[in-house]
Amino acid sequence: MAKKEYNFTDIEGKWQGFWDGCGLFCADEASRKEKFYCLVMFPYPSGTLHVGHGRNYIIGDVVARYKMMKGYNVLSAIGWDAFGLPAENAAIKGGTHPAVWTKNNIKMMKKQLHRWGVGYDWEREITSCNPDYYKWTQWIFLKLYENNLAYKKKAAVNWCPSCATVLANEQVVDGCCERCDSQVRQRDLEQWFFRISQYAQKLLDDVSLLEGWPERVKTMQVNWIGRSEGIRIDFKVEGTGKTLSCFTTRPDTLYGVTFVSLAPEHPIIKDLISGTPQEKTVMDFADRARNQGMVERTAEGTEKEGVFTGKYVVNPVNNDKVPVWVANYVLMEYGTGAVMGVPAHDQRDFLFAKKYNLPIKIVIQPEGNALNADTMQEAYIDDGIQINSGNFDGLPNTEAINKVTIHLEFKGLGTKTVTYRLRDWLISRQRYWGAPIPIIYCEKCGTLPVPESQLPVILPEAVEFKPHGMSPLAEVDSFINTVCPKCSGTARREIDTMDTFVDSSWYFLRYLSPKDDRQPFVTKKVNKWLPVDQYIGGVEHAILHLLYSRFITKVLYDLGLVNFKEPFRHLFTQGMIIKEGAKMSKSRGNVVSPDILIDKYGADTQRLYILFIGPPQKDAEWNELGVLGASRFLRRLWQKITDYEEVYARAQRVDIVMRVSRYTQAPRFCKPPRMPSSQTPCNRHN
RNA sequence: GGGCGAGUGGUGGAAUGGCAGACACGAAGGACUUAAAAUCCUUUGACCCUAAAAGGUUGUGUGGGUUCGACUCCCACCUCGCCCACCA
């Protein structure tokens with residue numbers, strides 16, 4: 001008897017056609033079945049997919065199918081996170097317009113997804129670089145602007161003088177431009193920000209609502225928000241009548257302050273030193289520190305440097321007169337931009353004091369082991385008992401933290417403060433391939449939002465991509481020149497575009513009404529379908545994308561546009577596929593194309609292998625032999641089932657004979673025959 | 001420095017308090033073949049015993065603990081990985 005061949009091309013072609021034909025993946029909005037929103041992070045159309053991507057989409061596909069089979073009304077859609085730098089770089093390099101490049105890539109990747117057998121409701125496909133999508137990204141910007149959550153301010157950015165452009169932090173490698181290797185400098189530019197810091201506490205509190213999230217992602221979010229409780233302590237600057245505020249989480253060390261240091265950007269520096277002999281040295285130092293570049297300056301290994309301002313402040317609790325320094329390790333963005341220096345109990349202050357011979361004063365002693373300021377090799381940062389601390393002597397320092405705080409507040413010398421590490425979200429990009437920021441500048445009326453009726457602000461097609469210091473849009477007169485919506489006078493448009501993370505911070509709402517041209521999303525629909533029941537994506541988005549999406553969702557909630565506070569109920573972060581010791585990626589040149597494998601073994605082999613390669617949340621090493629194993633496994637399985645089919649068919653014939661001969665007590669229903677033992681059918685065939 | 005996670009055969013890994021090593025890779029032997037490939041079958045943690053089988057001992061990073069019973073739970077330690085980190 002001839003064996004049936006496992007012809008995966010026919011099988012997969014047949015079923016993929018069947019699924020498309022019957023609309024298996026079309027969510028039925030009228031259905032009364034319980035909903036299940038299964039979402040994979042939408043891809044950046046970078047070219048072609050490699051097997052590493054497969055984990056995301058195949059796992060998502062499996063979850064969606066499983067829930068379908070369990071009787072849920074499943075929504076599983078996909079789209080394209082289609083704005084971004086690679087398209088623009090491709091344009092600079094190869095001369096293809098980003099729109100064309102992106103469109104081609106989408107076409108290729110769509111085909112690949114289809115061959116993989118992953119199913120989506122393609123009617124809901126969205127593309128973030130299309131005007132019908134970014135119109136609503138701009139609309140969201142306007143909502144934030146209206147509510148004072150979008151604002152413009154001067155900010156230090158990474159600047160490459162040779163490429164004449166702004167760089168993202170990720171593009172700065174060891175303080176140099178990744179493309180041309182020139183030294184990156186800090187430059188102050190007017191930038192747009194979203195006031196995410198205003199939502200720091202809500203974002204922190206609602207981490208508790210993220211029950212279905214991996215613990216480590218939640219921890220990463222909490223750490224990123226970085227709440228610290230402390231106190232702002234006011235120091236009087238001697239002989240000036242000015243006050244200097246320092247934020248500290250360790251008021252128990254207040255008696256050990258031997259200097260105060262300021263961030264190089266601190267505005268008070270000018271006032272303190274102007275006209276003094278120190279002026280030039282201090283300003284030179286501050287300039288140099290500012291130019292050091294944030295990445296380098298905030299690296300831990302960087303040597304602590306500073307300069308004395310010639311001024312002194314008075315410690316409010318013991319009237320100690322301590323010098324004021326400017327130091328490169330103090331950050332203007334955090335706390336008050338001024339730090340009280342306690343070398344005995346803070347390692348950074350210790351190193352600084354050692355370098356500049358500043359006194360070290362011990363105010364906390366470990367129990368049963370006296371410290372010696374002259375011989376100590378590092379700061380003592382652990383708990384202990386207060387000494388040299390006036391009325392607080394003898395208290396455990398953990399208690400002193402509270403007592404000193406109360407004392408200072410009572411005397412009006414300080415204010416209890418909560419500080420967050422989270423900074424406002426810089427959304428300006430001096431780039432072409434992004435959604436234009438919908439703002440108009442009128443000389444008479446000032447900064448104005450583009451009226452909603454004038455959206456979208458269309459990205460012009462014909463531009464020069466080569467970087468030369470400003471957004472390529474700066475040179476497109478037909479774009480820049482516009483009319484003031486208020487006074488109808490001449491006005492010009494904002495030329496920056498938005499960070500692509502803005503595009504991706506709300507796309508999951510758009511799937512519910514992808515073609516609606518009157519609103520970004522329909523409140524009733526999103527309230528029904530969200531939060532997303534299962535979100536699946538790479539752990540590399542554990543902070544930014546997920547935090548931004550949470551933020552935008554909370555803003556929309558506060559505006560009464562959605563009735564849920566968190567967008568994603570369950571989150572699954574799949575591990576990366578590793579090859580030759582590194583993450584599989586085009587830039588590393590270690591990619592494996594799914595197409596070749598599908599031709600050779602079929603999509604199911606690859607799907608099986610991807611699911612089987614290891615625990616899905618862990619990284620896994622790609623192994624070509626493993627693919628072979630999955631292929632053999634499927635073929636054996638196929639063989640067993642087809643063998644079984646024959647046995648089953650024969651048993652049915654026997655049953656008919658038995659039923660026809662009414663003399664025996666033939667069973668009414670033929671029980672399925674026993675699964676043949678592994679030997680039987682094969683031996684017979686052999 | 002802080003946080004999180006992981007350590008099981010030659011390899012990827014399975015088992016969430018109840019027969020450790022599913023399934024797959026690799027390896028060895030066999031069938032088929034003129035031969036090879038492919039395919040199929042058998043064996044495969046280590047050690048002891050045996051002509052062979054049966055049998056036995058041991059075994060989940062290390063050390064302790066809880067339990068009738070621990071890869072699994074608790075404590076300490078070691079190693080590796082990832083994320084964050086001059087955040088006051």
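Here is the naming used below: chain letters follow the sequence lines, and residue numbers restart at 1 for every chain.
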**OP:** Nearest-nucleotide wise, let me know which of Phe247(A) and Gly629(A) is further upstream toward the 5' end of RNA chain B.
**Re:**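 Checking each residue's closest nucleotide, the 5'-ward one belongs to Gly629(A).
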Original post:
Between Arg216(A) and Thr336(A), which has a closest nucleotide on RNA chain B that is more 5'?
Top reply: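 The residue whose closest nucleotide sits nearer the 5' end is Arg216(A).
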Base, sugar-phosphate, or nothing: which does [X] touch, judged by heavy atoms less than 4.0 Å apart?
X         : answer
Pro615(A) : sugar-phosphate
Ile613(A) : sugar-phosphate
Val330(A) : base

[X] and [Y]: side-chain donor and acceptor closer than 3.5 Å?
X         : Y         : value
Tyr334(A) : Ser228(A) : yes
Asp424(A) : Ser197(A) : yes
Ser245(A) : Asp234(A) : yes
Trp425(A) : Asp499(A) : yes
Gln201(A) : Tyr420(A) : yes

Subject >> Exam field: side chain Asp320(A) to backbone Val322(A), donor-acceptor pair closer than 3.5 Å >> reply: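 No, the answer is negative, given that no donor and acceptor are paired below the 3.5 Å cut-off.
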Could you check which of [options] has an atom nearest any side-chain atom of [X]?
X         : options                : result
Met220(A) : C86(B), A6(B), C83(B)  : C83(B)
Asn328(A) : G3(B), A85(B), C86(B)  : C86(B)
Asn223(A) : C25(B), A88(B), G2(B)  : G2(B)
Phe612(A) : C25(B), A14(B), A24(B) : A24(B)
Phe633(A) : G3(B), G13(B), A24(B)  : A24(B)

Original post:
In whole Å, what separates the P atom of A88(B) from that of C19(B)?
Top reply: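 Roughly 50 Å separates the two P atoms.
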Subject >> Whole-Å C1' distance, C25(B) and A76(B) >> reply: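 Comparing C1' positions in C25(B) and A76(B) gives a spacing of 37 Å.
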Original post:
So, is Arg421(A) close to the C84(B) phosphate, meaning a side-chain N or O under 4.0 Å from OP1 or OP2?
Top reply: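 No, Arg421(A) has no side-chain N/O under 4.0 Å of OP1/OP2 on C84(B).
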Original post:
Does C87(B) have OP1 or OP2 sitting under 4.0 Å from an N or O in the side chain of Arg227(A)?
Top reply: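 Answer no for this pair, as no side-chain N or O of Arg227(A) is under 4.0 Å from OP1 or OP2.
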**OP:** Would you kindly check whether a donor in the side chain of Arg632(A) faces an acceptor in the base of C40(B), or vice versa, at under 3.5 angstrom?
**Re:**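 Side chain to base: no pair present.
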**OP:** Report the stems of RNA chain B as range-with-range entries sorted by first number; a stem here is at least three consecutive pairs, Watson-Crick or G-U wobble, both distances under 3.5 Å, and write none if there are none.
**Re:**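 Counting only runs of 3 or more consecutive pairs, the stems involving RNA chain B are B:1-7 with B:78-84, B:10-12 with B:23-25, B:26-31 with B:39-44, B:45-48 with B:55-58, B:61-65 with B:73-77.
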Original post:
Taking all atoms of both residues into account, what is the closest heavy-atom pair of Ala338(A) and Val330(A), and its distance?
Top reply: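 In this case the closest contact between Ala338(A) and Val330(A) is N-CG1, 4.2 Å.
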